[in-house]
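Here the structure comes first, spelled out in structure tokens, and everything after it is commentary.
Proteins get letters first, then strands, A, B, ... in listed order; numbering begins at 1 in each.
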Protein chains: 2
Amino acid sequence: MNSRLRQDEIVRSLRRAGTSTVAELAIQVGASRRTVLRDIAALRDEGFVIDAEPGRGGGLSLDPHSVQTTARLSVSEVFALLISVASMRAAGNLPFSSLADSGLAKIEKALPSDKIRDLRQFLDCLYVGPLAPQVDISDMGEMDPALLPVFEPAFLQRLHLRFDYRDAKGTQSRRHVEPQAMLILPPLWYLVAWDPSREGFRHFRMDRIGRPELVPGSTFRRRHVPFDDGVRRVRFA
Amino acid sequence: MNSRLRQDEIVRSLRRAGTSTVAELAIQVGASRRTVLRDIAALRDEGFVIDAEPGRGGGLSLDPHSVQTTARLSVSEVFALLISVASMRAAGNLPFSSLADSGLAKIEKALPSDKIRDLRQFLDCLYVGPLAPQVDISDMGEMDPALLPVFEPAFLQRLHLRFDYRDAKGTQSRRHVEPQAMLILPPLWYLVAWDPSREGFRHFRMDRIGRPELVPGSTFRRRHVPFDDGVRRVRFA
DNA sequence: CACAATGGTGCCAGTTTTTGGCACCATTGG
DNA sequence: CCAATGGTGCCAAAAACTGGCACCATTGTG
């Protein structure tokens, strides 16, 4: 078995099992304990976050947000991605555009050095004009990329969410809501959520949300989200 | 020397030299003829298109557009890229968005299957509103992704370009120009070029350009491109 | 045609890298 | 103290890679 394939297998096993011991992994991938430990070290080098509890009852566990994926892209595809992200950025300071940038930076770094030079030289000839955002972005704050790991499980497992919110007038409050949808009206993002205490839907600007936390064990049902502001909206596909 | 590094070196050599023999490559990368042949076979397996002319005066040549790159991306980065591309698409039918999609499809395919399910489920909660394009796109044609391989060398080597052009009134003409810049005013792209016969700059909508061809051996100098329409423009970085 | 230059394949021995086993250490819970 | 766990260093065995060689097919040139 190729060492690369074995490492992928280890990642899959850890994701499935949640937590596992080195000895178990060794049996599953058909390699020795020593080799699995070497592979774990290699995966950590590549950015996978693998926690280890020593001692009786311990084991390994993988942070699912550190899972990485490899893909082989043609130069044209890289170029197209660069254009998309740059054009988005021209619309303003968008949430997650810095994350997209870091992804692209990794992709670029993997290109042969002379191809990067070509690409850069080509990009020098490009000028991107602005997209017109639907809203005034003069008071737009930066959205924290760290919100993503909190919001994703909220949507996937339908968990209640608590967070601080600062409204347009600047008043602070602590909210407790059922997240139902995300509405992206570039460059602004809104959390569309049902507020049980107010028995109604509320929109929250993502950049005004602070200190979000999941409320464990508090599932709710999906509701039909009303959009009543007349804006044409594209379902994300 | 690592076999991966050696293969990269071979790709670089082939890109530099245009065409080369196995014996030459062997000397350049400091390996034997046999090993270079093995590496060539490996590169072909990975999707690199390497033509071989047997016989006296023959040699190897690499199709530069088959150059691919692998990058390891975190799931969050993939997510951010998906958002960027989808938001762009919400602005209309953009040139190259299909290329970006195909790149993303590859990336998604490389994700562990359960992670894809998560991601898809999360995306189901997202609604993307439209960006407002600066121009009327009612008569917008599709831009041919195959144009890219022609335009890239035109900019990199500063070669004259010939193409058919259909102007706003529908009149066809064959143009011969010096490409100076690309202006992206989403969702439209313009080629900004110096027209020697008219001694002036002209803007060409990319989706109205047909049958472009390079004029070999016809270099020109870069000119200062005037932008006189008062639109804020972002230099691509 | 003969020949030289080129890509390509099969084989095998030498070299390098990877792997597995072992001993051992640190930590943790019983 | 003991058993179970992650982690490291070392070394020999196993596997993979490499280089040399013989050889084949194709192509252009004398």
Side-chain angles (χ1 to χ4, degrees), chain A residues 1-68 70 72 112, chain B residues 1-67 70 72:
Chain A
M1 160 112 61
N2 187 328
S3 95
R4 176 63 175 276
L5 294 177
R6 199 178 48 228
Q7 287 173 24
D8 285 354
E9 181 68 34
I10 290 175
V11 169
R12 268 193 296 276
S13 271
L14 276 176
R15 282 181 49 74
R16 243 198 327 271
T19 175
S20 185
T21 71
V22 176
E24 286 165 8
L25 288 173
I27 294 167
Q28 279 185 32
V29 303
S32 68
R33 200 181 89 98
R34 187 69 186 83
T35 300
V36 169
L37 277 162
R38 267 193 280 250
D39 285 338
I40 298 281
L43 287 169
R44 284 176 171 150
D45 275 350
E46 292 179 30
F48 286 79
V49 175
I50 299 174
D51 275 336
E53 286 295 323
R56 191 164 186 158
L60 301 171
S61 63
L62 168 68
D63 174 4
H65 280 96
S66 72
V67 171
Q68 313 216 343
T70 58
R72 191 167 270 267
Chain B
M1 158 108 65
N2 187 326
S3 96
R4 175 59 180 276
L5 293 177
R6 199 178 49 229
Q7 288 173 22
D8 284 355
E9 181 67 34
I10 289 175
V11 169
R12 267 194 295 277
S13 272
L14 276 175
R15 283 181 45 76
R16 243 200 326 272
T19 177
S20 183
T21 71
V22 176
E24 286 165 7
L25 287 173
I27 295 169
Q28 279 185 32
V29 303
S32 69
R33 200 179 89 97
R34 187 70 186 83
T35 300
V36 169
L37 277 162
R38 269 192 278 249
D39 285 338
I40 298 281
L43 287 170
R44 282 176 173 150
D45 275 350
E46 292 179 27
F48 286 80
V49 176
I50 299 176
D51 277 336
E53 285 297 323
R56 191 163 184 159
L60 301 170
S61 63
L62 167 69
D63 173 4
H65 282 96
S66 72
V67 172
T70 58
R72 219 170 187 145

What is the distance, rounded to the nearest whole Å, between atom [atom1] of [X] and atom [atom2] of [N]?
| X | N | atom1 | atom2 | value |
| --- | --- | --- | --- | --- |
| A:Asp51 | D:dG7 | CG | C1' | 15 Å |
| B:Asp45 | C:dT9 | CG | C1' | 15 Å |
| B:Leu25 | C:dG8 | CG | C1' | 15 Å |
| B:Arg44 | C:dG8 | CZ | C1' | 9 Å |
| B:Ile50 | C:dG7 | CD1 | P | 12 Å |
| B:Ile40 | C:dT9 | CD1 | P | 12 Å |

* Should A:Arg4 be listed as having a side-chain N or O under 4.0 Å from OP1 or OP2 of C:dT18? -> no
* Asked: So what does B:Thr19 touch, heavy atoms closer than 4.0 Å: a base, only the sugar-phosphate, or nothing?
  -> nothing
* **side chain to side chain donor-acceptor pair (under 3.5 Å) involving A:Arg4 - partner list, sequence neighbours excluded** => A:Thr70
* By side chain to side chain donor-acceptor pair (under 3.5 Å), which residues pair with A:Thr21, not counting sequence neighbours? -> none
* Asked: Does B:Glu46 have any salt bridge (charged side-chain N to carboxylate O under 4.0 Å, His left out) partners at least two apart in sequence or in another chain, and if so, which?
  -> A:Arg72
* To do: Find out whether A:Arg12 and A:Glu9 are in side-chain contact, i.e. whether some heavy atom of one side chain is under 4.5 Å from a heavy atom of the other.
  => yes
* Asked: Base, backbone or nothing for each nucleotide of nucleotides 18-30 of chain D, written B, S, -, heavy atoms under 4.0 angstrom, 5' to 3'?
  -> BBBB----BBB--
Under 3.5 Å donor-acceptor pairs involving side-chain atoms of residues 49-63 of chain A, not counting sequence neighbours:
| unit_1 | atom_1 | unit_2 | atom_2 | d |
| --- | --- | --- | --- | --- |
| A:Asp63 | OD1 | A:His65 | N | 2.9 |

Distance-only donor-acceptor hits, side chain of residues 29-36 of chain B, under 3.5 Å, sequence neighbours excluded:
| unit_1 | atom_1 | unit_2 | atom_2 | d |
| --- | --- | --- | --- | --- |
| B:Ser32 | OG | B:Thr35 | N | 3.2 |
| B:Ser32 | OG | B:Thr35 | OG1 | 3.0 |

